[in-house]
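Worksheet for the structure shown next.
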Amino acid sequence: MDGTREWGGRLLLAPGAVVYAGPGGFAAAHRHLAVQAIRAVEGRFTLRFGGERLKARSALVASGVEHELDAEGLTVVIGLIEPTGQLGAAVEGVARELAGRDVDDRLPELGDDAPTSVGELLGGIIEPSMTGTQPPPIGDHVRAAIEFIEANLDAKVTLTAAADEIAISGSRLTHLFTEQVGIPFRRYVLWARLRRVVEEVAAGSSLGRAAVDAGFSDSSHLSRVFKENFGLSPSAILAMELSGGWLG
């Protein structure tokens, strides 16, 4: 995710997860909803966050934490996992517990082939954390709100409209959504739009068409938001091999 060279590897898409495997690069300071796992096949990348500098072979970045990544000259595997549901909550818990540490000693060696599942990417680091890390169950109102968001990304999605659709007050939906999903309604909408762009490009759309279909006003709007959240221009995904339907 890069400002100086394209990341030309594979980008694998799955419900709740995106994994990149291939040449590393530089990603300027950014933050995103996803929990991030970064692993170098060999060598060490540099991660900067919270005024600290970490040189590591493997690291985790919790949801919402601003960070900068320099992995130029390396081959890396990077996973972005939505911090909802059992898997996301488990990884988020470990990321906060091990913030600022190289976690390579907690993970299995990466083989010659790129991981083909989140479990393979993170290995046994998830298992000890699975108990007691689940967020509150997603209730009917919040589930309906998420379905409303996903069905209306090409339009203006507001909390008021979602609340009206599911017959609940806006204040109640705000409380339930943040409690059960772990982030505010508006942040979830933004993440869903960015994910939709990648999915649309993977399906063959141009960046401009994908931007509009995902609810951005134009490609410039998409570019600004994409850089804020991933530290790179959305054009970087055009150099990647995109595939979907993947999750282990």
Fill in: Test side chain to side chain contact (heavy atoms under 4.5 Å, CB included) applied to V41 and V76, step by step
CA-CA 6 Å; V41 174; V76 296; over 6 Å; no
Worksheet item: Does some side-chain heavy atom of D104 sit less than 4.5 Å from a side-chain heavy atom of R106?
Response: no
Item to complete: Give the C-alpha distance, both sets of side-chain angles, the deciding distance and a yes or no for side-chain hydrogen bond (donor to acceptor under 3.5 Å, both in side chains) between E228 and H32.
Response: CA-CA 8 Å; E228 289 172 353; H32 40 65; over 6 Å; no
Response to the item:
One should read off an interatomic distance between S217 OG and K156 NZ, to the nearest 0.5 angstrom, of 12.0 Å
Response to the item:
One should read off an interatomic distance between I149 CD1 and R193 CZ, to the nearest 0.5 angstrom, of 9.0 Å
Practice prompt. Check whether any side-chain heavy atom of L80 lies under 4.5 Å from a side-chain heavy atom of F230, and answer yes or no.
Written response: yes
Discussion item. Run the side-chain hydrogen bond (donor to acceptor under 3.5 Å, both in side chains) test against H175 and tell me which residues pass, sequence neighbours left out.
Written reply: none
Fill in: Any F26 side-chain heavy atom under 4.5 Å of E68 side chain
yes
Discussion item. Checking the side chain of R31 only, and the main-chain atoms of G64 only, is there a donor and an acceptor separated by less than 3.5 Å?
Written reply: yes
Worksheet item: How about R187 and L190: do any of their side-chain heavy atoms sit closer than 4.5 Å?
Response: yes
Practice prompt. Determine whether the side chains of H141 and Q180 contain a donor N or O and an acceptor N or O closer than 3.5 Å.
Written response: no
Fill in: Derivation of the side chain to side chain contact (heavy atoms under 4.5 Å, CB included) call for R53 and T46
CA-CA 7 Å; R53 178 178 179 272; T46 300; 3.8 Å; yes
Practice prompt. Kindly compute the distance separating CG (L194) from CG (L222), expressed to the nearest 0.5 Å.
Written response: 7.0 Å
Fill in: For A37 against L60, the heavy-atom pair lying closest together
CB-CD2, 3.6 Å
Practice prompt. Verify the ring-centre separation between F216 and H221: is it less than 6.0 angstrom?
Written response: yes
Worksheet item: Does any donor atom in the side chain of S235 or S233 lie under 3.5 Å from an acceptor atom in the other side chain?
Response: yes
Practice prompt. Taking all non-hydrogen atoms of both residues into account, name the closest pair between A34 and P83 and its distance.
Written response: CA-CD, 4.2 Å
Worksheet item: Would you say V198 and V212 are hydrophobically clustered, going by side-chain heavy atoms of ILVMFWY under 4.5 Å?
Response: no
Item to complete: Return the set of residues passing side-chain hydrogen bond (donor to acceptor under 3.5 Å, both in side chains) with R57 (not counting sequence neighbours), or none when no residue passes.
Response: none
Discussion item. Can you tell me how far apart CD1 (I166) and CZ (R172) are? Round to the nearest 0.5 Å.
Written reply: 11.0 Å
Practice prompt. State plainly whether the residues R48 and E52 are in salt-bridge range, i.e. N to O under 4.0 Å.
Written response: no
Worksheet item: Are the side chains of T178 and F185 in touch, meaning some heavy atoms are under 4.5 Å apart?
Response: no
Worksheet entry | Ion pair D102/R44, N-O distance below 4.0 Å | yes
Worksheet item: Looking only at heavy atoms, which two atoms of V201 and L238 are closest? And how far apart?
Response: CG1-CD2, 4.1 Å
Fill in: Beyond-backbone contact of L54 with F45, side-chain heavy atoms, under 4.5 angstrom
no
Discussion item. Checking E199 against V197 for the side chain to side chain contact (heavy atoms under 4.5 Å, CB included) test, could you report, in this order, the C-alpha distance in whole Å, the side-chain angles of both residues, the deciding distance, and whether it holds?
Written reply: CA-CA 5 Å; E199 291 171 345; V197 167; over 6 Å; no
Worksheet item: To the nearest 0.5 Å, how far apart are OG in S63 and CH2 in W191?
Response: 9.0 Å
Worksheet item: Any side-chain heavy atom of L47 within less than 4.5 Å of one from V61?
Response: yes
Discussion item. Counting neighbours of CG on D218 that are heavy atoms of other residues, nucleotides or ligands and sit closer than 6.0 Å, is the number greater than 12?
Written reply: yes
Practice prompt. Output the distance between atom OG (S58) and atom CG (L98), rounded to the nearest 0.5 Å.
Written response: 11.5 Å
Discussion item. So does G9 get a backbone contact from the side chain of Y20, meaning a donor-acceptor N/O pair under 3.5 Å?
Written reply: yes
Discussion item. Please find the pair of heavy atoms, one from V189 and one from L153, that lie closest to each other, and give the distance.
Written reply: O-CD2, 4.2 Å
Worksheet item: Is any side-chain heavy atom of L207 closer than 4.5 Å to a side-chain heavy atom of S219?
Response: no
Worksheet item: What about I78 and F49, same hydrophobic cluster or not, with Ile/Leu/Val/Met/Phe/Trp/Tyr joined at side-chain heavy-atom distances under 4.5 Å?
Response: yes
Discussion item. For a side chain to side chain contact (heavy atoms under 4.5 Å, CB included) check, start with the C-alpha distance between F226 and I237, then their side-chain angles and the critical distance, and finish with the verdict.
Written reply: CA-CA 11 Å; F226 208 89; I237 64 178; 4.2 Å; yes
Discussion item. Please determine whether a side-chain nitrogen of the Lys or Arg among E150 and R195 lies less than 4.0 Å from a carboxylate oxygen of the Asp or Glu.
Written reply: yes
Worksheet entry | Check against salt bridge (charged side-chain N to carboxylate O under 4.0 Å, His left out), R143 and E147 | CA-CA 6 Å; R143 191 175 304 280; E147 291 174 356; 5.8 Å; no
